[in-house]
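Every chain is numbered from 1, with letters handed out A, B, ... down the list of sequences. Small disclaimer: the values here were computed from a predicted structure and weren't measured.
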Amino acid sequence: MGPRAKKVRAKETKPNEDLANILLEIGEYEKNVNLQPFKYNAYRRASQSLLECDKKIKRIEDAKILKGVGKRIGERIEEYLKTGKIDKLNEARKNNKSKILKELNRVAGIGPSHAQKLFSEGIRSLKDLKSHQDLLTHHQKIGLKYVDDFEQRIPRQEMAEIEKFLVDQIKNIDVKYTVTICGSYRRGLESSGDVDVLITHSNYVSLRYAQEQNLRTAKNLIIETKKSPEMLLKKIIDKLKKLDFITDTIAFGDSKFMGVCKVTNDYLHRRIDIRILPFDEYFCGILHMTGSDMFNQNMRKTAKERGFILNEYCLRKLDSSGRPGKALKIESEEDIFKYLEINFKRPEERY
DNA sequence: AATAGGCTTGG
DNA sequence: CCAAGCC
């Protein structure tokens, strides 16, 4: 998911690609150098509109009607149409500081704010960073170590190998685990940016579910507490480390592991996220994590129109005063579509 | 006013 | 607790 995945299915004809790229570059400059995330967003949206427009923009009037193009961005486009360049961009490109900040931002865990800080401390390149690792957090050190690997996309073939490995190993711990690799892989794309794994255990339910269903005394049940997801997840992570599949840990909390993995020595290091969810929340979870972002947005909108509220964890019906009721019982992705009276869409169809 | 909100780290 | 970063 995210902007990277979107790019893959952009239109065949992109007559305004040049202009779109320029706007995006200005946006990145606003975010990384001027610490203006909202401006970045505005430029990004305008850029996206330009990309989706299949008619070549020749006059400023054509641009003004696009969504995301207002006064300021309109002026920039006008400048581009008249002169073939944009001053703001040239300013950005020749600015040495902005080049350095951009370079530092390649490192996972270094955002605009940290990059500025490092610059003010005299860091001018990734090479500088390598010799001043005391300035970095644990996450950033790993980002630096694998900066080249993390920029490479993961071929579908390798994703499939990772999937098989994970399913085999985790089922081997306990057959009651279910493992799903979500994201663009699940949607059938030929490459992915990272590995996004969701796991559940058929005996594991959320506290909310246990209370609503009055399951307090049921046997064999693992009811969510602060520590239970950790117990279920830690077992798995320990094993994957022992097998040398997981090579580094970025963050490891109650319910979510973030780290680095590698299938065999022939492969690059890949970013992997693994999280554990209660069974009753699993299908809303995989729906959410499978995306695409656009698909999620649309589905949630439809849900709202039909008197439901859908989020990452559950689907609830809204009562007449708009208050959400109990979470609906869901045992598959299909169930979610059924409640909403939407035809089921396979992951490959979720644009 | 602006992507939604949660998770995790680090101070 | 807050800020940053990521998903």
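In this entry the distance linking CZ of A:R44 with P of B:dT3 reads 8 Å, nearest Å. Straight-line distance from the NZ atom of A:K256 to the P atom of B:dG5: 16 Å, rounded to whole Å. Separating the NZ atom of A:K31 from the P atom of B:dA2 is a distance of 19 Å, rounded to the nearest angstrom. Note: CE (A:M258) to P (B:dC7) measures 13 Å, nearest angstrom. The interatomic distance linking A:Q116 (CD) with C:dG5 (P) rounds to 10 Å, in whole Å. Between A:E281 atom CD and B:dG6 atom P there is a gap of 12 Å when expressed in whole angstrom units. In this structure, the NZ atom of A:K67 is 13 Å from the P atom of B:dT3, given to the nearest Å. When rounded to the nearest whole Å, the span between CG of A:D293 and C1' of B:dG5 equals 13 Å.
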With a cut-off of 3.5 Å and sequence neighbours excluded, list every side-chain donor-acceptor pair involving residues 103-112 of chain A.
residue : atom : partner : partner atom : Å
A:N105  : ND2  : A:I110  : O            : 3.2
A:N105  : ND2  : A:G111  : O            : 3.3
A:R106  : NE   : A:E151  : OE2          : 2.8
A:R106  : NH2  : A:D148  : OD1          : 3.3
A:R106  : NH2  : A:E151  : OE1          : 3.1

Scan the side chains in residues 57-68 of chain A for donor-acceptor partners under 3.5 Å anywhere in the protein, sequence neighbours excluded, and list what turns up.
residue : atom : partner : partner atom : Å
A:R59   : NH2  : A:D62   : OD1          : 3.0
A:D62   : OD2  : A:R59   : N            : 3.3

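With a 6.0 Å radius and a threshold of 12 heavy atoms from other residues, nucleotides or ligands, A:R45 has its CZ atom at or below the threshold.
The listed nucleotides are B:dT3, C:dC7, B:dC7; the one nearest the side chain of A:Y313 is B:dC7. With C:dC7, B:dT9, C:dG5 as the candidates, the nucleotide lying closest to the side chain of A:P112 is C:dG5. When the nucleotides B:dT9, C:dC7, B:dC7 are ranked by their closest atom to the side chain of A:A251, B:dT9 comes out on top. Residue A:N41 has its side chain nearest to B:dT3 when only C:dC7, B:dT3, B:dG10 are considered. In the set B:dT8, B:dG10, B:dA2, the nucleotide with an atom closest to the side chain of A:T137 is B:dG10. Side chain of A:R45, nearest nucleotide from C:dC7, B:dT3, B:dC7: B:dT3. In the set C:dA4, B:dT3, B:dT8, C:dA4 carries the atom at the smallest distance from any side-chain atom of A:S113.
Taking atom C1' on both nucleotides, C:dG5 is separated from B:dA4 by 15 Å, rounded to a whole Å. C:dC6 sits 14 Å from B:dT3 when the C1' atoms are compared, rounded to a whole Å.
Comparing A:H139 and A:K39, the nucleotide of DNA chain B nearest to each residue sits closer to the 5' end for A:K39. Both A:I250 and A:E312 lie close to DNA chain B; mapped to their nearest nucleotides by heavy-atom distance, the more 5′-ward contact belongs to A:E312.
Of the side-chain N and O atoms in A:R271, one or more sit less than 4.0 angstrom from OP1 or OP2 of C:dC7. A:S255 has a side-chain polar atom (N or O) that falls below the 4.0 Å cut-off from OP1 or OP2 of B:dT8. Under 4.0 angstrom from either OP1 or OP2 of B:dG5 there lies no side-chain N or O belonging to A:N311.
Not a single donor-acceptor pair under 3.5 Å links the side chain of A:R316 to the backbone N or O of A:L310.
Taking the charged nitrogens against the carboxylate oxygens, A:E30 and A:R44 have no contact shorter than 4.0 Å, which rules out a salt bridge.
Residue contacts shown for A:A108 are limited to sugar-phosphate atoms, with no base heavy atom under 4.0 Å away.
For A:F252 and A:F257, the gap between ring centers is short of 6.0 Å.
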